[in-house]
Structure formats: C-alpha cells, structure tokens
A.B. asks: 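Next up is a structure, given as structure tokens.
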Amino acid sequence: MTYPGESEAAMAAEPATRRLPGRGAGVIAGGAVTSTLVAVALISLVWTPLPSGKMQIAHKLQPPLSYGLLGTDQYGRDVLSMLMAGAWNSLSIAAAAVALGASIGTVIGMFAAARRGLPEAFIMRAADVIFAVPPILSAMMLGAFLGAGRTTAVIAIAVFMVPVFARVAAGATRQIWSRNYVLAARGAGKGDLRITIEHVFPNIASQIIVHATIQLGLAILTEAGLSFLGLGTPPPAPTWGRMLADAQTYLETAPWLAILPGSAIAAAVLGFNMLGDGLRDLFDPRTEGRP
C-alpha cells in the first residue's frame, strides 16, 4: 500500500552524488530571498527605525516617503518597523512549528515503516485523519482551550505538519530497509533501533530537510492566516497577518497598509518554495542527466 508523497520520498531517500548542472538557480534565488528575510528578522531584535508599537496619532496614515520610508498606519506606527518586527514573529512561529512537526512526524514515519503490518496501517490512517483537519480549524479548537497566542499557533501548525512528514519519512524509510547494507546490518545482529539511527535516518535526512524547507513557506502562510483571524501572536506585537487584517478598513485611502505586508508574505512563501524546489532538484536522483 502506498501513500501520497511516498514514491517521491523513496526516490529521493539517498543523497545525490553530484551537483546537477543548471539546477542551482533556484537554490541561489530562494536562498537570497530567505537569507534577506532571516537577516531582517534578526536585525529587528536589536534595532528598528522606531519602536514597532510607538503610536504617533499626529502622523497617522502618512504615505511612504512622506513620514518614514514606508509610511505609517492608522495609529501613526512606523510601517517599516512593524514589518521588521513582524518578520521575526512570523518566521519564528513557522520555524518552531515545522521543527516540531518534522521531528515528531519523522519518528512516527520511521517507526511505521520499520514495523510494517498493522502498526503501519494504524499510524498512516491516523495521519490521514489528522491531515484532514485544516490548521485554521485546529487553532480555533485549541484556542478555545489554551487561548489565542504563539503557543496555540505553533501547536496548530505543528499538528498539521506531523502527518505530512510521517508520510515522507515512511516512504523513504521503507525503501532504505530493502537496501543490501541494511540487510547486512541486520544479519550482523544489529537491532531495529540501531539500524534506524545508524543507517536509515542519515539516508533520509536530506529528504526531510528539503521537505521542511518547502513546508516553511506553507507554515508562514498558515501563521499569517491565524494572525488574520486573531489566533496568532497577541497585540501589541506586530504580525504580517494582523497588519493585513487591520488594513481592510483603509484599502482605498491607504492601500500600502495591505500591499506591504501582503508582499512580505508572498516573498517569504516564494523564497522558501524556490529554495526547497532547488534543493529537491539537486538531491533528487530522477533529475540526473536532465538539462
């Protein structure tokens, strides 16, 4: 029985032995965009043009370049400072959620593929059920118990990521368990746990990293949606999603309030997708020999 994404994961389970000509453009372009976003997020921890929460009612709704580089919002807050601080909030939540979901999902997927049979079928069916619940709905249910906040957003996104990585890890692991060196290790008396640690995980790690890079873009988009609905980081900390929500009233009078955070979200998602696709091209053996 196969599951969505397993055949691709299995084919890319072993690292590529050489770089593929002409395949580095996506890595370079995506790396440039994501590196810039990460640098801006880190800089915002120590410096922004103005405090991101500082209100200046006398200077509200100023267009870009008239007061500050990117203007001000309805409360006179500096939009550039809010975008910089929002980059850290969005990226940190997305990274934490993907790391948590990838860790749990990879362990579950490797265990399912190693055990096969009923345990594998049960785990994969449970993953299907979890995957069917949108992260927005998960966050709403968690918010009813935990309250809206960063923790709720991280858990909601991570829960959605677990079955994704479980499928990828299970498909790649199943292929590795059929390799001769794994059979030789089992014949030498190594147990399943030791084989998994020493032979399986090192061979699927590149695939997990590539998939995590792609999922970071989805996590950022999901975090923006949660913040838009008020389920993300609570105010006054700025987030790109809440900036979009606040800008709805001013779409005609101050369109930059929606364009700027929307562009930041689009750039982040595009950058991580390009980086992930580029890495996948480099590691995927099926692309060898292609121009």
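This is a predicted model, so every value here is computed, not measured.
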A.B. asks: Okay, side chain of Trp256, backbone of Gly71: is any donor-acceptor separation there less than 3.5 Å?
C.D. replies: no

A.B. asks: With no hydrogens and no angle check, is any side-chain donor or acceptor of Thr34 less than 3.5 Å from a backbone partner on Gly31?
C.D. replies: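 Judged by distance alone, yes, a pair lies under 3.5 Å.
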
A.B. asks: Do the side chains of Glu223 and Thr239 get nearer than 4.5 Å, heavy atoms only?
C.D. replies: yes

A.B. asks: Are the side chains of Leu83 and Pro261 in contact, using a 4.5 Å heavy-atom criterion?
C.D. replies: yes

A.B. asks: As an exercise, state the distance from CE of Met110 to CG of Leu193, rounded to the nearest 0.5 Å.
C.D. replies: 9.5 Å

A.B. asks: What's the shortest heavy-atom distance between Gly30 and Met274, and which atoms?
C.D. replies: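 Looks like CA-CB, 3.9 Å.
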
A.B. asks: Grab the two heavy atoms, one from Leu279 and one from Val27, that are nearest each other, plus how far apart they are.
C.D. replies: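 Taking every non-hydrogen atom into account, N-CG2, 3.7 Å.
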
A.B. asks: So, taking the atom named CG in Asp78 and the one named CE in Met82, what distance separates them when rounded to the nearest 0.5 Å?
C.D. replies: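 Taking CG in Asp78 and CE in Met82, the distance rounds to 9.0 Å.
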
A.B. asks: When rounded to the nearest 0.5 angstrom, what distance separates CD1 in Ile93 from CG in Asn89?
C.D. replies: 6.0 Å

A.B. asks: Fit a plane to each ring of Tyr181 and His199, take the angle between them on a 0 to 90° scale, and name the class: parallel (under 30°), tilted (30 to 60°) or perpendicular (over 60°).
C.D. replies: tilted

A.B. asks: Check the pair Thr152 / Leu231 against side chain to side chain contact (heavy atoms under 4.5 Å, CB included), numbers first and verdict last.
C.D. replies: CA-CA 7 Å; Thr152 300; Leu231 298 171; 5.6 Å; no

A.B. asks: Find out if a path of hydrophobic residues (ILVMFWY) with successive side-chain heavy-atom gaps under 4.5 Å connects Tyr250 to Val79.
C.D. replies: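 Yes, because Tyr250 and Val79 connect within a single hydrophobic cluster, where side-chain heavy atoms sit under 4.5 Å apart.
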
A.B. asks: Do Ile265 and Leu251 share a hydrophobic cluster, counting only Ile, Leu, Val, Met, Phe, Trp and Tyr and linking them when any side-chain heavy atoms are less than 4.5 Å apart?
C.D. replies: no

A.B. asks: Where the side chain of Ser44 meets the backbone of Ala41, is there a donor-acceptor pair that is under 3.5 Å apart?
C.D. replies: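 Yes; judged by distance alone, with no hydrogens or angles, the pair exists.
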
A.B. asks: With distance as the sole criterion, is a donor-acceptor pair present between the side chains of Gln62 and Thr72 under 3.5 Å?
C.D. replies: no

A.B. asks: Let me check something: do Ile204 and Ile197 share a hydrophobic cluster, defined by ILVMFWY side-chain heavy atoms less than 4.5 Å apart, either directly or through other members?
C.D. replies: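 No, it is not one cluster - the side chains of Ile204 and Ile197 are not joined through contacts under 4.5 Å.
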
A.B. asks: To the nearest 0.5 Å, what is the distance between NZ (Lys60) and CE (Met55)?
C.D. replies: 12.0 Å

A.B. asks: Could you tell me the separation between the CD atom of Gln74 and the CD1 atom of Ile57, rounded to the nearest 0.5 Å?
C.D. replies: 9.0 Å

A.B. asks: Would you say the side chains of Gln56 and Tyr75 form a donor-acceptor pair under 3.5 Å?
C.D. replies: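 Per modelled atom types, Gln56 and Tyr75 side chains form no pair under 3.5 Å.
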
A.B. asks: Is a side-chain N or O of Ser227 found less than 3.5 angstrom from the main chain of Ala224, in a donor-acceptor match?
C.D. replies: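 Absent.
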
A.B. asks: Give a yes or no on whether the backbone of Leu50 and the side-chain of Ser81 come within a donor-acceptor separation of less than 3.5 Å.
C.D. replies: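 Checking the backbone N and O of Leu50 against the side chain of Ser81, a donor-acceptor pair under 3.5 Å is found.
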
A.B. asks: Atom CD in Gln248, atom CZ in Phe228: separation rounded to 0.5 Å?
C.D. replies: 3.5 Å

A.B. asks: Can you see which heavy atom on Ala268 is nearest to which on Trp240, and at what distance?
C.D. replies: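 Heavy-atom minimum between the residues: CB-CZ3, 4.1 Å.
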
A.B. asks: State whether a side-chain donor-acceptor pair under 3.5 Å links Ser92 with Arg150.
C.D. replies: yes

A.B. asks: Any link between Trp177 and Phe201 through a network of hydrophobic side chains (Ile, Leu, Val, Met, Phe, Trp, Tyr) touching at under 4.5 Å?
C.D. replies: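 Same cluster.
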
A.B. asks: Any sub-3.5 Å donor-acceptor pair from Ser52's side-chain atoms to Thr48's backbone N or O?
C.D. replies: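 No; judged by distance alone, with no hydrogens or angles, the pair does not exist.
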
A.B. asks: With a 4.5 Å cut-off on side-chain heavy-atom distances among I, L, V, M, F, W and Y, is there a chain of contacts connecting Val168 to Phe160?
C.D. replies: yes

